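Here's the structure, in structure tokens; my notes come after.
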Amino acid sequence: MAKTAGNIAIIGAGIMGLSVAHALRESQPSVYDGGGFPADNASWMAGGMLAPWSEIEHLPEEFVAAGAEGIKLWKNILPGELKQNGSVIVAHKDDEYILERLAAKLPSQEKLNAQKIAKLEPSLARFETGLFLKDEAHINPQLALDSLGNAMKKRVWKDADPEELSRDHDWVVDCRGLAAAKEDKELRGVKGEIVFVRNTEFNLSRPVRLMHPRYPLYIVPRPDNVFMIGATVIESEDNTVILKSALELLSAAYSLHPSFGEAEILDIRAGVRPAYPDNLPRIAVDGNIIRCNGLFRHGYLLAPVMAQCVKDFMDGRENNFISLFRRKNDEHHNQRPEKKHNRRA
Ligand SMILES: Cc1cc2nc3c(=O)[nH]c(=O)nc-3n(C[C@H](O)[C@H](O)[C@H](O)COP(=O)(O)OP(=O)(O)OC[C@H]3O[C@@H](n4cnc5c(N)ncnc54)[C@H](O)[C@@H]3O)c2cc1C
């Protein structure tokens, strides 16, 4: 690995900041987060699904390819924590047309009948049709944040200002998530509500999506029969959970398997995803400040790819993915500073 030179500060210890910190670990960057560690941020609330093909209706094709690269990178970043068991997508009989619509967009998939579903996920034996996306993966976000955060040598648990730090650092990587909306007026928050339940009568080996015209749902398995049920997508920056959402999530889970009727509710929470108007993430370069933001529903999927782009940019190396993330109206800024300590005008 080429050594990235410099005195580097990273602001934000969500998945974006910690992915950059991991990519730049040889330079021992300082990581700042005013929320402490682990902070109560979007990254802490996530499902941890690395599911570019399941997300094909929310991601342009070239971002799906970046997502596949994200899975590859995670295999090296946290090999012990990545589970690549694929994803299963099912629908109730009346909603099978939604499954067919998705299948038509996918480059490849395995179609599942009742026997195949029962073999892969015995708890879903009541479903008759489904899709299996074998290359998808998932990680436990909280363990991933812990592992990445604890590996950092220089951690500063206080708020930092990118402009201020840029005066005495070679590079500042701004990964503040939604907090950057103060200056970045295009950034907005999109609430996602989730429920954690324990259901000892139900087992899953991989994330499952239930396609539904009004209440699409995913369930991600965690250890000890705990399941994360998520997630709403609401144009709001408050992190309260409303009753209607809780009803929808819980009813959809109950419709997936009746044993959810007896499940123990452990927690109901909401996280707020940072998003740009096109719901796609961006890397913007402004002097010696590199801003990475807008990861919306795909923070775990795309943060490692963006982090590698940041490292390659600092090293002056080509990266096939960087053009995906460049801010379209800001391309004249996206050049390396000509000399070290180049400051913004
Ligand atoms: C319910 C839900 C489910 C999701 N599921 C998935 C999923 O399955 N797969 C997937 O890929 N993505 C998923 N996402 C999306 C993913 O969680 C987000 O895209 C990602 O967490 C955004 O990460 P971030 O690091 O940019 O922001 P954040 O996680 O919000 O981190 C920003 C950090 O910056 C810190 N900060 C802010 N201001 C300052 C400052 N001035 N100084 C220092 N620190 C500061 C904050 O304290 C915070 O810790 C989900 C999101 C939600 C809400």
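Counting starts at 1 for both ligands and their atoms, following the listed order. Predicted, not measured: the structure shown is a model, and the values here were computed from it.
Residue A179 holds the heavy atom nearest to atom 37 (C) of ligand 1 of all those in A231, A179, P162. For atom 22 (C) of ligand 1, the nearest non-hydrogen atom from the set G17, G177, P274 belongs to P274.
Within the 4.0 Å heavy-atom criterion, both parts of M16, backbone and side chain, lie near ligand 1. Residue contacts with ligand 1, taken as heavy atom pairs separated by less than 4.0 Å, involve F296 solely via the backbone atoms N, CA, C and O. Contact annotation: for R297 versus ligand 1, heavy atoms closer than 4.0 Å belong to the backbone alone. Under 4.0 Å from ligand 1, the heavy atoms of A39 that appear belong solely to its side chain. By the criterion of a heavy-atom distance under 4.0 Å, the side chain of I194, and not its backbone, is placed next to ligand 1.
With respect to E26 and K311, no salt bridge is recorded, no charged nitrogen being found less than 4.0 Å from a carboxylate O. Ion pairing between a basic and an acidic side chain is recognised when a charged N comes within 4.0 Å of a carboxylate O; D184 and R282 show no such pairing. Ion pairing between E121 and R206 holds under the 4.0 Å rule for side-chain N and carboxylate O. Salt bridge E96/K93: present, at least one basic N to carboxylate O contact under 4.0 Å. A salt bridge links E183 with R176; the closest basic N to acidic carboxylate O contact falls under 4.0 Å.
Taking any N or O of I11, backbone or side chain, none lies under 3.5 Å from an N or O belonging to ligand 1. Ligand 1 has no N or O atom lying under 3.5 Å from any N or O atom of A46, backbone or side chain. Remark: ligand 1 and M49 share an N or O pair separated by less than 3.5 Å (distance only, no angle test).
When each atom of ligand 1 is checked for a heavy atom of G48 under 4.0 Å away, the hits are 7 (C), 8 (O).
Under a 4.0 angstrom heavy-atom cut-off, C175 registers as being in contact with ligand 1. The closest approach between any non-hydrogen atom of Y218 and ligand 1 is below 4.0 Å.
Remark: side-chain polar atoms of S245 are not paired, donor with acceptor, to backbone N or O of V241 under 3.5 angstrom.
A side-chain N or O of N279 and one of R188 form a donor-acceptor pair less than 3.5 Å apart. The closest side-chain donor-acceptor pair between N150 and R155 falls under 3.5 angstrom.
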